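Down below is the structure, laid out as structure tokens.
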Amino acid sequence: MAVLSNCDPEVAALIRAEEQRLAATIDLIAAENHPQPGILEAQGSVFAVKAAEGYPAARYHAGCLHADALETLAMERCQALFDADHANVQPHSGVAANWAVYFANLKPGDRILAMRLSHGGHLSHGAAASATRRCFRFAHYGVDPATETIDYDAVAQLAARTRPRMLVAGASSYPRLIDYPRLAAIAADVGALFLVDMAHIAGLVAAGVIPSPVPHADFVTFTTYKTLGGSRGGVILCRARFKRPIDRSVFPGCQGTPALNMIAAKAVCFRLALQPEFRSLQQQTIANARHMAQAFQHRDYRVVTGGTDNHLVLIDLRSRGISGEQAEKTLAAAGLIANRNPIPFESPDPDRSGGLRLGTPAITTRGMREKEVDLIVDWIDRLLQNPDHDRPRRSVEAGVADLCRRFPLPS
Ligand code: DSN
């Protein structure tokens, strides 16, 4: 960073500080990961310079020879990775990808049926605070109170009653598999289009370690920086017949020039995900999450749904006299980074929630396995039992520092 240090020492210092923070803490945020350095190098490349409105061989700016080759490569790799008819790799984020799918197919005021945020859904699926709610009429399905898993019969009844133009599946804090054939049949029964937002689980799907929504959905959106292990950015996959409306909805409908540096980073991410070792990484991500859920249960914590099938574990702290927010702060003070999360059927306000969401993608990328998960669960338990005491915090801090030294970030 010699050049940046000369040009802007303040930003250079902040970048160094963030590098140190990442290296010296344990990232348990289910929506994060540690990208390989090649991905970050591509994102910081000269492709950040080029204006390239349009698509390969159909641009509104000259000089796109290499931009065209890059975007084509990213699309081809992505289509191969997910066995998809078409990939649009331009969305700047997952929310931008969802907006583009909505606007490609719906008119303002059309009905969308999606999973409720407080039961695991996502902001852009019509949450009260999201602008999506101002453009479309949302109805929401949730989980069954007894099993805390999606009640597909209830979804079918709600779909029959509300007659949505689009059914949306996918979640930010749902630890179980989703039955895509069942939801596709429900959508077909009411003449709705079917969108799956697989942002959280895209890496698991790419590796083939959980079922793919691609054969069942008209549209699949995802981000590249969660289980998939890339950096920030969104993608839309669609059936061949939707290629033109989706492409036109992304550009010029919802976005201007694509961020080619992000597309370069996506291309590298897809290449890495096509390698055989990516599959074992994703298998271990699930194994670590399952082990974590069991370890908490052995210590008498209530794990929402009783376990996990993917990369995340949702702990219900309500009977433990500590809120999700307190837990988040207590853990962070000792170098364990996680986030509070609502539990189904409690207040949907995340700031008053009694849940803690934990994910295993980042620790698994660092090479941690079940043995290290046991250590982490033991530390979390000690901290949550004594949130106001310095002694457990200091001893966990020392353990975190040691673990971080033994399991460095990808280099
Ligand atoms: N969707 C948010 C999350 O799950 O944390 C951010 O990507």
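These numbers come from a predicted model, not from an experiment. Counting convention: from 1, in listed order, for ligands and their atoms alike.
Classified by interplanar angle (parallel below 30°, tilted 30° to 60°, perpendicular above 60°), the ring pair Phe138/His140 is parallel. Between Phe103 and Phe136, the ring-plane angle classifies as tilted under the 30° and 60° cut-offs.
Numbered from 1 in the order shown, with element, the atoms of ligand 1 that lie under 4.0 Å from a heavy atom of Ala31 read 3 (C), 4 (O), 5 (O), 7 (O). In summary, the atoms of ligand 1 found under 4.0 Å from a heavy atom of Ser172, numbered by their order in the structure, are 1 (N), 4 (O). Proximity to His122 (heavy-atom distance under 4.0 Å) selects the following atoms of ligand 1: 1 (N). Taking a cut-off of under 4.0 Å to the non-hydrogen atoms of Lys226, the atoms of ligand 1 that pass are 7 (O). Close contacts of ligand 1 with Tyr225, meaning ligand atoms under 4.0 Å from a residue heavy atom, involve 7 (O).
Considering Leu314, Val313, Val304, Ile315 as possible partners of Arg357, the one that fulfils the side-chain contact (heavy atoms from CB on, under 4.5 Å) test is Leu314.
Formation of a donor-acceptor pair under 3.5 Å by the Asp197 side chain with backbone atoms of Val168 is not found in this model.
Thr227 is not listed as a side-chain neighbour of His200, based on a closest heavy-atom distance of 4.5 Å or more. Counting heavy atoms from C-beta on, the side chains of Glu18 and Leu22 come closer than 4.5 Å.
For Arg357, every heavy-atom contact with ligand 1 shorter than 4.0 Å involves the side chain, none the backbone.
Of all protein heavy atoms, the one lying nearest to atom 4 (O) of ligand 1 is His200 NE2, 2.7 Å.
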